[in-house]
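Below: the structure, in structure tokens.
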Amino acid sequence: MPSLLPEGINRVLVTGGAGFIGGAMVRRLLAHTTATMFNLDKCGYASDLTGIERLGPEAVQRHQLLRVDLTDADATAAAVRQADPDLVMHLAAESHVDRSIDGPGTFIESNVIGTYNLLQAVRAHWEALPAERQQCFRLHHISTDEVFGSLGATGRFSETTPYDPRSPYSASKAASDHLVSAWHHTYGLPVVLTNCSNNYGPWQFPEKLIPVVILKAVAGEPIPLYGDGANVRDWLYVDDHVDALLLAATQGQLGRSYCVGGHGELSNKQVVEAICALLDQRRPAGAPHARLITPVKDRPGHDRRYAIDPTRISTELGWQPRHNFEEGLAATVDWYLSNLDWCDQVRERAGYAGERIGVGA
Ligand code: NAD
């Protein structure tokens, strides 16, 4: 079986592996390597393991869920000791901006304190490793382009863009990035960081833009479009992001950060209209789905535009996205149409029926 991991990387600890991007990473590594996967996740409202369970018995046997909340320092340290990892990929975080507006405390606890607890546990683990394993060991911290703030009509974020977070979510992620860098500079912990743009694809909990629009349209319900719909995001297909993460984790320069974007800049209105057009083809009885688009009050502090210049990861590590937005979106729409039952189940379990959140006080 071809391996995506260098020799000596046999035990991988992924935090947040019951979530959307972490789950894609765990599935990729289970399917394409022989590594043992430790999945540290508190199993919160957005978590689900169905995609991993569908891989089959051999892969499932190499997957171990460590149901731990990173805010619990002792449990985190015990989980790291149990996993005894060669590589740690840290994706666990509260991830939805709208929820951070309604309840910022959880974001500070999970994303800032949780990252601090993980860093301390990983540092103790790394310091105790025998020299050969210590040499190969890495912690990869996964973050967002939102730490850079909001762009005007021109320009793109790169690794040298100053941090300027604007939401409780992005501020908590910025804090976690700084902690990871500090643990590298102060304690020598071998770290790599990545900051990526908006991901989309299968298995995303249906509270983020693309799955929300698909489900609202299929149900014939109003499709909410925040503000004037002109906010721009740089859409990145989740499997392309996983490619980038594996390159950064295994070949990235220690202490360095890499920006990952999909060359997929589109306004929210363009994204919503593209989904409606795909649904018109796949479900003509409901056409034109665009009639359901309904402007709603904007998100407080809504960043206007994000765009990523991925030159560093492209030139240094040879990464390129394999999917353009049209292909990725068509695959995503088809996946959701084939998995409407899963959407119902996870929304019901989370107690979330697709209602508007994050409008602020
Ligand atoms: P997600 O919300 O789908 O999954 C996050 C997972 O982390 C969940 O399973 C949750 O239970 C777990 N988690 C949260 N707090 C935890 C804690 N205290 N202890 C243990 N587990 C905890 O998020 P995602 O979209 O998969 O994002 C993964 C990472 O990528 C996050 O760090 C996020 O900031 C970053 N990111 C995401 C996007 C995106 O578009 N989705 C873009 C840029 C960066």
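Start at 1 and go down the list; that is how both ligands and their atoms are numbered. The structure presented is a predicted model; accordingly, all values stated were derived computationally and were not measured.
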Any N/O pair Ser110/ligand 1 closer than 3.5 Å: yes
The one among Ile21, Val260, Asn195, Leu245 that brings a heavy atom closest to atom 37 (C) of ligand 1: Ile21
Contact check, Val68 vs ligand 1, heavy-atom distance below 4.0 Å: yes
Under-4.0 Å salt bridge between Arg305 and Asp303: no
Gly114 heavy atom under 4.0 Å from ligand 1: no
Proximity flag Tyr169 to ligand 1, non-hydrogen atoms under 4.0 Å: yes
Ligand 1 to His90 polar contact by distance, N or O atoms, under 3.5 Å: no
Ser197 heavy atom under 4.0 Å from ligand 1: yes
Ala92 N/O to ligand 1 N/O under 3.5 Å: no
Options Lys42, Lys208, Glu207, ranked by nearest heavy atom to atom 21 (N) of ligand 1, top entry: Lys42
Min heavy-atom dist Ser143 to ligand 1 below 4.0 Å: yes
Expected output: side-chain Asp86 to main-chain Asn10 donor-acceptor under 3.5 Å: yes
Close aromatic pair by centroid cut-off 6.0 Å: Tyr352 and Tyr45: no
Identity and separation of the nearest protein heavy atom to atom 5 (C) of ligand 1: Ala93 O, 3.4 Å
Joint hydrophobic cluster, Ile52 plus Phe205, side-chain heavy atoms closer than 4.5 Å: no
